[in-house]
Trainee: 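Take a look at the following structure, please.
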Amino acid sequence: MPGSRFLRTVLSGLLAALPLLVLPLAPAGAQPAEEVPFVVSPDNVTLEMLRLAGIGPGDHLIDLGSGDGRIVIVAAQRFGATGLGVEIVPELVERSLRSAREAGVADRVAFRVQDLFATDLSPASVVTLYLLPEFNLQLRPRLLQLKPGTRVVSHDWDMGDWTPDRTTVVAVPDKKVGLEKSSRIHLWTVPARVEGLWCGTGLLQGSSLRLAQRYQVFEGTLLHRGRERPLQGRVEGATVRTVAGRYGELALTLAGDELRLASAEGVLALAKGTTFRRSTAASCASG
Ligand SMILES: C[S@@+](CC[C@H](N)C(=O)[O-])C[C@H]1O[C@@H](n2cnc3c(N)ncnc32)[C@H](O)[C@@H]1O
């Protein structure tokens, strides 16, 4: 029975609260062995997914496994976005196209009979998912390659050790799967990849910024005139932002191969007027 695996997964996830430890993962490069059945995100969950993504008229949403098309259609109708739904069941794609015409958004949305794993995600500024844990994990490397700032929203399932930036819970009194009468909605913002060595320019010529990154969290050191100042913080899309500490705080924005100063306070204001360039050298000219 196609839905039984989904139901078992939901039940085991809710009971154990550790679904990723009890479910086998698909081998790298392979598609998950199990199928995801058609279960809709209820209206209040759909709205919360879009609200959490902060979706608006400038956004292009891709729903992976779009079912009856509701997420893409609501994104266009209520929030002015454009969108694409990909779905392997042709009847659901036909239904989505009909609903899009009825909702008056057929010119701003598209639906394709297509395997979600064969979908080009690069045009998306928002990706939505209501799949299974192993599907999310299989997609995770590709999601992390998307443009910094792209938002990823998943109904119920997380991304393993890529912890969400936010999670909200919505009441779903008539939920058919699982024991809880609620849905979890997780949001991630794709972080820029800033790991490595960055060399100062201008007033900070010879200074260096060395960063180690794990998803959207980083720690590192600013080396200036022989003094090391430890830094830690988060990568918020294209912006690297330190937590405020005894040396003040710093925000830098990635543009190509440069980290440009967005703001600086306290001792870290010494970085004002400077830009750091990505370097593959072992160290910057002098520290
Ligand atoms: C749980 S439903 C979610 C539907 C919709 N996104 C929503 O939230 O209302 C998952 C959908 O993914 C589709 N699906 C499963 N595997 C797929 C694949 N490999 N490629 C495209 N669609 C797939 C299923 O047919 C199903 O309609």
Side-chain angles (χ1 to χ4, degrees), residues 1-11 13-14 19 23 25-27 29-53 55 60-79 81 83-100 103 105 109-121 124 126-140 142-143 151-158 168-170 172 174-178 180 182-187:
M1 190 183 149
S4 61
R5 159 71 178 167
F6 189 75
L7 186 62
R8 265 204 324 278
T9 303
V10 172
L11 285 170
L14 291 171
L23 288 168
L25 303 184
Q31 291 191 11
E34 304 294 343
E35 290 179 4
V36 188
F38 172 49
V39 179
V40 297
S41 295
D43 290 349
N44 61 336
V45 173
T46 296
L47 281 173
E48 178 62 7
M49 290 172 80
L50 297 172
R51 192 197 65 76
L52 205 56
I55 200 159
H60 184 68
L61 177 146
I62 297 183
D63 188 25
L64 295 177
S66 49
D68 64 4
R70 59 182 56 211
I71 294 179
V72 177
I73 292 168
V74 174
Q77 198 180 32
R78 300 269 300 257
F79 298 91
L84 167 68
V86 296
E87 169 57 56
I88 40 167
V89 178
E91 295 72 33
L92 288 172
V93 170
E94 279 166 28
R95 198 197 299 180
S96 302
L97 289 167
R98 263 199 314 277
S99 302
V105 295
V109 302
F111 291 96
R112 284 189 213 134
V113 181
Q114 186 169 295
D115 184 349
L116 63 89
F117 289 102
T119 300
D120 175 13
L121 303 180
V126 176
V127 178
T128 49
L129 317 160
Y130 184 23
L131 299 168
L132 280 170
E134 60 262 53
F135 275 66
N136 282 12
L137 288 182
Q138 189 86 3
L139 286 164
R140 189 175 72 182
R142 293 185 53 210
L143 295 170
R151 289 91 81 207
V152 178
V153 179
S154 174
H155 179 174
D156 272 347
W157 305 113
D158 65 18
T168 60
V169 180
V170 173
V172 183
D174 58 352
K175 190 160 183 166
K176 302 285 187 297
V177 291
E180 286 179 13
S182 61
S183 285
R184 283 183 180 75
I185 300 158
H186 304 289
L187 167 75

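Note that the structure is predicted; figures quoted are calculated from it, not measured. Quick note: residue numbers are just sequence positions, from 1. For ligands, and for the atoms within them, numbers begin at 1 and follow the listed sequence. Scope of the values below: all heavy atoms of this structure, side chains included, with no hydrogens, waters or symmetry mates.
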Trainee: Could you see which bit of D68 sits under 4.0 Å from ligand 1, with heavy atoms only: side chain, backbone, both or neither?
Mentor: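 It is neither; nothing of D68 touches ligand 1.
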Trainee: Where's the contact between L92 and ligand 1, heavy-atom distance under 4.0 Å: side chain, backbone, both or neither?
Mentor: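 L92 to ligand 1: side-chain contact only, backbone stays beyond 4.0 Å.
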Trainee: What about F38: any of its N or O atoms under 3.5 Å from an N or O on ligand 1?
Mentor: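 No, since none of the N or O atoms of F38 sits under 3.5 Å from an N or O of ligand 1.
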Trainee: If I take atom CG from residue L129 and atom OG from residue S66, how far apart are they, to the nearest 0.5 angstrom?
Mentor: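 The distance works out to 12.0 Å.
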Trainee: Please report the interatomic distance OG(S154) to CG(L132), rounded to the nearest 0.5 Å.
Mentor: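 So the OG of S154 and the CG of L132 are separated by 10.0 Å.
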Trainee: Taking N or O atoms only and a 3.5 Å limit, does D115 qualify as a polar contact for ligand 1?
Mentor: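 Yes, D115 has an N/O under 3.5 Å of an N/O on ligand 1.
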Trainee: What's the separation between atom CG in L131 and atom CG in L64, rounded to the nearest 0.5 Å?
Mentor: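 Result: 6.5 Å between the selected atoms.
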Trainee: Out of curiosity, is E35 lining ligand 1, as in a heavy atom under 4.0 Å away?
Mentor: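 No; E35 lies far enough from ligand 1 that no heavy-atom distance drops under 4.0 Å.
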Trainee: Would Q114 count as a contact of ligand 1 if the rule is a heavy atom under 4.0 Å away?
Mentor: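 Per 4.0 Å heavy-atom rule, Q114 contacts ligand 1.
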Trainee: I'd like to know if the side chain of E35 and the backbone of P37 have a donor-acceptor N/O pair within less than 3.5 Å.
Mentor: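 Looks like no, no N/O pair under 3.5 Å.
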Trainee: Test your reading of the structure: does Y130 have an N or O sitting under 3.5 Å from an N or O of ligand 1?
Mentor: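 N/O-N/O distance below 3.5 Å does not exist for this pair.
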Trainee: Given that the side chain starts at C-beta and the backbone is N, CA, C, O, which of these parts of V36 lies under 4.0 Å from ligand 1, counting heavy atoms, or is it both or neither?
Mentor: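 Answer for V36: both.
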Trainee: Under 3.5 Å, is there a donor on one side chain and an acceptor on the other for T168 and E48?
Mentor: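 Result is yes, a qualifying pair exists.
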Trainee: Is L116 in polar range of ligand 1, meaning some N or O pair under 3.5 Å apart?
Mentor: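 N/O-N/O distance under 3.5 Å: yes.
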Trainee: With sequence neighbours excluded, tell me which residues meet salt bridge (Lys or Arg N to Asp or Glu O under 4.0 Å) with R70.
Mentor: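 Here the qualifying residues are D43, D68.
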Trainee: Return yes or no for this condition: an N or O of L64 is under 3.5 Å from an N or O of ligand 1.
Mentor: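 Checking ligand 1 against L64, no N or O pair falls under 3.5 Å apart.
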Trainee: Does P37 come within less than 4.0 angstrom of ligand 1, counting non-hydrogen atoms of the residue?
Mentor: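 Checking ligand 1 against P37, which is what was asked, there is a heavy-atom contact under 4.0 Å.
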Trainee: Please identify each residue that fulfils salt bridge (Lys or Arg N to Asp or Glu O under 4.0 Å) with R112, with sequence neighbours left out.
Mentor: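 Checked R112 against salt bridge (Lys or Arg N to Asp or Glu O under 4.0 Å); zero matches.
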Trainee: What part of D63, side chain, backbone, both or neither, has a heavy atom within less than 4.0 angstrom of ligand 1?
Mentor: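 Side chain only.
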Trainee: Does the plane of the ring in H155 sit parallel, tilted or perpendicular to the ring in Y130? Use 30° and 60° as the thresholds.
Mentor: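 Correct class here is parallel.
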Trainee: Can you sort out which atoms of ligand 1 are near V40, meaning under 4.0 Å from one of its heavy atoms?
Mentor: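 Heavy-atom distances to V40 below 4.0 Å select 9 (O).
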Trainee: Kindly compute the distance separating CZ (R142) from CZ (F117), expressed to the nearest 0.5 Å.
Mentor: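 The CZ atom of R142 sits 8.5 Å away from the CZ atom of F117.
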Trainee: Atom CG in L52, atom OG1 in T128: separation rounded to 0.5 Å?
Mentor: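 Answer for the CG-OG1 pair, L52 versus T128, is 12.0 Å.
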Trainee: Return yes or no for this condition: an N or O of R70 is under 3.5 Å from an N or O of ligand 1.
Mentor: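 N/O-N/O distance below 3.5 Å does not exist for this pair.
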Trainee: G67 heavy atoms, cut-off 4.0 Å: which ligand 1 atoms fall inside?
Mentor: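 Matching atoms, with element in brackets: 4 (C), 27 (O).
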